[in-house]
Structure formats: structure tokens, C-alpha cells
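What follows is a single structure, written as C-alpha cells, with notes after it.
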Amino acid sequence: MNREKIAGVTPEQIRALRLRAHHLDRKLPPGALEAAASVCGFQNSPPGAWETALWNRVEGCTLQAAQDALYREKRLLQAWSVRGAPLVFPAAESGVFLAPLAAAAGETPWIYTRGITAALDFLGMAFDDLLPLVLQAAEYLETHTVTRKEALDAALAEIVEAALPAEKLPMWRAPSMYGPRQTVGGAVVSFMLRPCAFRFRVVFGARDGIHPTFISFRRWTGHMPAVPPDAEKRLVQKFLHAHGPADVSAFGAWLGCCPQQAKRLWQTAAAEMEPVRVAGKTRYVLAEDLEALHAAGGDADAWRLLGPHDPYLDFRDRALLLEDVKRQRTVWQTVSNPGVLLRGGRVAGVWRQKLQKTSVAVEMTPFEPADAAARERLEAEAAQYAAFRGVSLRACTFRTEA
């Protein structure tokens with residue numbers, strides 16, 4: 001490959017391409033919920049994050065319409081997916097968002113199962129020996145719906161007991177080394193629920209008050225999903241369309257899988273990729289997006305509110321969105337991420353909300369100068385967000401960084 005012949009692209013072009021891919025440059029028409037969720041899914045942690053992401057992408061989207069699509073019409077589905085996070089995506093694309101994530105033989109466990117080592121060492125059992133037992137136990141959800149994650153862990157752990165040697169039972173039932181109100185067996189199940197989801201054994205059902213419920217894919221939808229023969233390639237294409245230009249390591253980080261699995265999946269779409277130069281490094285973009293990438297331009301003055309964990313913020317190359325490392329730590333935290341003030345595709349500040357029963361107060365902290373027009377635009381966005389949540393905007397304040 002002759003690197004001198006590979007065209008270079010600018011950060012502005014990349015941001016503009018991604019904004020368009022995520023439907024953040026222009027909202028989709030009313031009702032296009034599946035099209036919005038199809039790009040790369042919406043993470044639902046913290047709970048409700050997926051709803052905010054839809055509001056940002058679909059014109060006139062209401063909270064009731066979003067919830068109806070997920071819980072009543074079942075056009076959308078929630079299941080553990082990329083990085084083991086709860087993800088909302090089109091139910092019709094379940095074969096793409098779930099099936100390719102199952103690790104093949106010889107591929108080490110995913111990032112979210114690495115912590116299981118302490119439990120496996122304590123039990124003296126192997127991951128590959130226990131996973132089939134948990135998968136079999138998950139058939140319980142073909143006839144039962146379980147409320148609360150802790151109850152699901154406990155129910156399946158009890159079923160697994162019947163297949164364990166008698167000498168393992170005291171250790172299986174011992175208090176968990178990971179936290180209170182859990183057994184070692186419950187912890188093992190908790191780690192393995194993600195691989196169960198990739199095989200359609202468990203999805204999220206309708207909420208029971210404030211608590212999630214869990215059920216099998218078949219019982220929730222009435223059928224098993226169609227898994228297209230090119231499901232793995234389609235997943236890679238989704239990633240590159242939403243996150244490109246990128247490389248295989250960024251893809252692996254997005255999935256949360258081991259390098260071997262990332263490389264295997266990446267190769268399925270290699271023929272559809274084109275190299276570009278980004279800050280002196282070779283990255284890849286879908287061939288069908290290459291022309292749009294080179295033609296892309298951005299609106300530096302457009303301010304938007306994005307919710308915490310919006311998929312647009314889920315890039316590995318965070319400096320592309322926000323150069324300041326200290327501010328990066330403010331935006332991307334371990335827990336309790338703030339919302340983001342987006343300006344022309346850049347992270348230009350953060351916002352937090354204090355939600356009460358009938359009202360919400362929004363506090364914004366711009367990282368860049370925001371004139372009166374910008375503040376008026378942001379306050380109008382805050383009022384629209386409050387209306388989406390079915391509450392009034394109690395206050396909208398601006399503060400400077402500490």
C-alpha cells in the first residue's frame with residue numbers, strides 16, 4: 001500500500017460525516033424510530049438514555065411513541081449487546097446486533113466476562129464448562145418472566161445447581177466475592193447473561209414499575225430472529241458508517257471483545273473498506289462513504305444538547321471531539337456521565353439535570369464562549385427536552401468552569 005497516495009482527511013470532515021451518519025445534522029422525519037436506532041443502537045444506561053437519543057434524532061418524537069415502539073409494538077428491542085451494555089435497536093435487526101457477538105472457539109472472553117476469573121478459580125471450574133449449563137438454565141425464560149436482574153441471577157443459579165457435582169454446591173452457594181446479597185453461582189450467571197443474550201436466550205421485556213423484566217426472545221417477539229448470512233459483515237459496516245474512519249482496535253473496543261474476535265469480524269467487511277490518512281495514521285472508511293467524507297463540511301455555530309452515553313460520544317478517538325484531556329475526564333466518566341453541549345460536532349460543554357415529578361432544572365457549563373443567541377438556542381432546546389419528558393422547565397442556568 002502506497003501511503004503517499006492515500007488521501008488525508010481533516011477532523012472537520014470526520015465530524016461532519018459522523019454527524020450525518022448519526023442523523024444529528026438534520027433530524028429524521030416523524031415516526032422514523034427504527035431508522036434512527038438502526039445506525040448503531042442506543043445504549044440504555046443510565047435508564048432512559050435511549051429515549052433522549054431518539055428525541056435528538058427524530059422530528060416530533062414523543063416519549064410515549066418511543067416507549068410504545070419498544071414495549072407495545074415491539075418494533076424496537078432491548079438486549080445486552082455491544083460491550084455487554086443494554087442496547088435498544090430495531091427488532092428486525094436482532095440477528096445483526098446479537099448473533100455476531102458470540103465468541104468463536106479459541107477467542108478469549110469478552111471484556112465484561114474478564115472479572116469472572118475470581119469466581120471460576122474459587123469453584124475450580126472453567127468458563128467453557130459452565131456456559132453451556134447457564135445457557136440451558138436460561139431456557140427457563142421460555143416459560144417464565146423474571147422481574148429484577150438480581151432475581152434472574154438467583155433463579156438461573158438455582159437451576160444450574162442440578163447439573164453440578166455435589167462437591168461444588170457449597171462453593172456455588174457461598175457468598176459472592178463481588179458484593180452482598182449474591183452467591184458465587186449468582187455472580188457466575190450474571191457474567192454469562194451477555195453470551196446468553198447473543199444466543200437469544202434472554203432479552204428485556206416490559207418494565208414492572210421501575211424494575212426491568214427478562215424474558216426469552218421467542219416469548220417476547222413470538223418468533224426466533226432471522227440471522228442473515230452476512231450478519232457479521234453488516235455489524236462491521238454499521239460500526240464504520242457511524243464511527244469511521246477507524247481501525248480494527250477501535251472496532252474491538254466498541255464491541256468489548258478480544259483482538260482475535262475483532263480481527264475475524266473486521267475481515268468480513270474488508271472488501272468494502274477504503275484507507276484514509278487521519279493525523280498521519282491509516283484508518284478505514286466504508287467505500288460508499290468516501291465521497292461524502294471528502295465533501296463533508298460542518299456548521300461551526302450549531303449548538304445541540306446530547307444526553308449522557310449518546311452513541312455519537314462513543315468514539316475511541318475522543319480528542320477528535322474534545323482536545324483538552326482534563327475536560328475529557330469530565331465528559332467521559334466511569335459513572336454519572338453528564339450530557340454534552342454539542343457545537344458543530346465538537347464537545348463544547350456539559351449539562352446536568354435535576355428532575356422532579358413535574359419539573360426539571362438544567363445547568364449548563366460551556367467550554368467555549370456562548371453568546372446570547374447561543375444561550376437562547378440552548379435554553380429552547382432545554383425547554384423542548386423538558387416537554388419530551390412530560391415536565392416543565394423549572395430553571396435553565398449557565399455556569400463557568402470551576
Side-chain angles (χ1 to χ4, degrees), residues 20-23 27-44 49-102 138 141-142 145 193-207 212-243 254-255 265 268-269 272 286 288-289 310-312 314:
R20 183 183 304 173
H22 284 262
H23 304 295
K27 288 188 177 185
L28 289 163
L33 307 187
E34 290 162 292
S38 175
V39 177
C40 56
F42 298 134
Q43 182 172 323
N44 191 29
W50 73 278
E51 299 161 346
T52 304
L54 272 179
W55 167 75
N56 267 300
R57 289 161 170 80
V58 179
E59 194 69 47
C61 180
T62 66
L63 188 60
Q64 187 63 57
Q67 294 177 348
D68 282 349
L70 180 62
Y71 298 124
R72 186 173 61 83
E73 300 161 2
K74 301 180 183 179
R75 293 187 289 132
L76 301 179
L77 180 79
Q78 181 178 188
W80 286 298
S81 181
V82 296
R83 292 186 309 285
L87 199 74
V88 174
F89 50 84
E93 294 188 88
S94 298
V96 175
F97 279 98
L98 295 176
L101 278 59
L141 296 174
E142 292 289 352
T145 301
L193 283 174
R194 274 68 176 177
C196 288
F198 305 158
R199 294 165 174 84
F200 314 111
R201 300 296 176 86
V202 56
V203 300
F204 288 70
R207 293 188 69 81
T213 66
F214 301 92
I215 189 172
S216 74
F217 184 100
R218 189 199 308 269
R219 283 188 64 227
W220 179 246
T221 64
H223 57 82
M224 287 298 287
V227 180
D230 60 348
E232 295 174 341
K233 181 173 75 171
R234 290 191 191 185
L235 184 64
V236 179
Q237 290 171 320
K238 283 182 179 296
F239 167 78
L240 274 179
H241 180 61
H243 296 256
W254 179 68
L255 290 183
L265 296 176
T268 63
E272 281 73 36
L286 286 179
E288 63 186 43
D289 288 337
D310 187 277
Y312 180 79
D314 195 22

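Heads up: numbering here begins at 1 and tracks the sequence. Computed over heavy atoms, backbone and side chain alike; hydrogens, waters and symmetry mates excluded.
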**Request:** Flag the pair Glu272 / Lys233 as yes when at least one side-chain heavy-atom distance between them is below 4.5 Å, and no otherwise.
**Result:**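 The answer is yes; the side chains approach within 4.5 Å.
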**Item:** Side-chain touch Leu70/Leu54, heavy atoms, less than 4.5 angstrom
**Value:**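 Leu70 does not reach Leu54 side chain to side chain.
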**Message:** I'd like to check the ring-ring contact (aromatic ring centres under 6.0 Å, His included) partners of Phe239; sequence neighbours left out, ordered by chain and number.
**Reply:**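 Listed in chain order: His243, Phe251, Trp254.
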**Message:** Taking ring-ring contact (aromatic ring centres under 6.0 Å, His included) as the definition, give me every residue that meets it alongside Phe214, ordered by chain and number, with sequence neighbours left out.
**Reply:**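 For Phe214, the residues satisfying ring-ring contact (aromatic ring centres under 6.0 Å, His included) (neighbours in sequence not counted) are Trp80, Phe204.
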**Asked** So, Lys27 side chain and Trp55 main chain: donor-acceptor pair closer than 3.5 Å or not?
**Response**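 Side chain of Lys27 to backbone of Trp55: a pair is present.
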**Sidechain-backbone polar pair: Thr213 side chain, Ala206 backbone, donor-acceptor under 3.5 Å** =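 Yes, Thr213 side chain to Ala206 backbone: donor-acceptor pair under 3.5 Å.
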Contacts of [X] that satisfy side chain to side chain donor-acceptor pair (under 3.5 Å) - sequence neighbours left out:
| X | value |
| --- | --- |
| His241 | Asp289 |
| Arg57 | Asp310 |
| Gln237 | none |

Side chain to side chain contact (heavy atoms under 4.5 Å, CB included) involving [X] - partner list, sequence neighbours excluded:
| X | result |
| --- | --- |
| Pro228 | Val96, Asp230, Ala231, Arg234 |
| Glu288 | Leu286 |
| Ala102 | Phe198, Arg199 |
| Ala35 | Leu28, Ala32 |

Do you know the tightest heavy-atom contact between [X] and [Y]?
| X | Y | value |
| --- | --- | --- |
| Leu101 | Ser81 | CD2-C, 3.4 Å |
| Val39 | Ala242 | CG1-CB, 3.7 Å |
| Ala49 | Gln43 | CB-O, 3.4 Å |
| Val88 | Ala37 | O-CB, 4.2 Å |
| Pro311 | Phe42 | CG-CD2, 3.7 Å |
| Ala99 | Gly95 | CB-O, 3.3 Å |

**Request:** Run the numbers on Gln64 and Asp68 for side chain to side chain contact (heavy atoms under 4.5 Å, CB included), then give the verdict.
**Result:** CA-CA 6 Å; Gln64 187 63 57; Asp68 282 349; 2.8 Å; yes
Nearest-0.5 Å distance that lies between atom [atom1] in [X] and atom [atom2] in [Y]:
| X | Y | atom1 | atom2 | value |
| --- | --- | --- | --- | --- |
| Leu98 | Glu93 | CG | CD | 11.0 Å |
| Leu87 | Leu77 | CG | CG | 9.5 Å |
| Ser216 | Phe200 | OG | CZ | 12.0 Å |
| Gln78 | Trp220 | CD | CH2 | 10.0 Å |
| Ile215 | Thr145 | CD1 | OG1 | 3.5 Å |

**Request:** Check step by step if side chain to side chain contact (heavy atoms under 4.5 Å, CB included) holds for Leu265 and Leu255.
**Result:** CA-CA 11 Å; Leu265 296 176; Leu255 290 183; 3.7 Å; yes
**Test salt bridge (Lys or Arg N to Asp or Glu O under 4.0 Å) applied to Asp314 - qualifying residues, sequence neighbours left out** =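 With neighbours one apart ignored, the set is Arg83, Arg316.
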**Asked** Got a sec, which residues hit salt bridge (Lys or Arg N to Asp or Glu O under 4.0 Å) with Glu73, two or more places apart in sequence or on another chain?
**Response**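 With neighbours one apart ignored, the set is Arg75.
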**Message:** Filter on salt bridge (charged side-chain N to carboxylate O under 4.0 Å, His left out), then keep only pairs touching residues 215-225, sequence neighbours left out; what's left?
**Reply:**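 Every salt bridge (charged side-chain N to carboxylate O under 4.0 Å, His left out) pair that includes a residue of residues 215-225, provided the two are not neighbours, is Glu142-Arg218.
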**Prompt:** How far apart are the C-alpha atoms of Glu34 and Phe89, what are their side-chain angles, what is the distance that settles it, and do they pass the side chain to side chain contact (heavy atoms under 4.5 Å, CB included) test?
**Reply:** CA-CA 7 Å; Glu34 290 162 292; Phe89 50 84; over 6 Å; no
**Message:** Determine whether His223 and Phe217 satisfy the following criterion, side chain to side chain contact (heavy atoms under 4.5 Å, CB included), listing intermediate values before the conclusion.
**Reply:** CA-CA 7 Å; His223 57 82; Phe217 184 100; 4.2 Å; yes
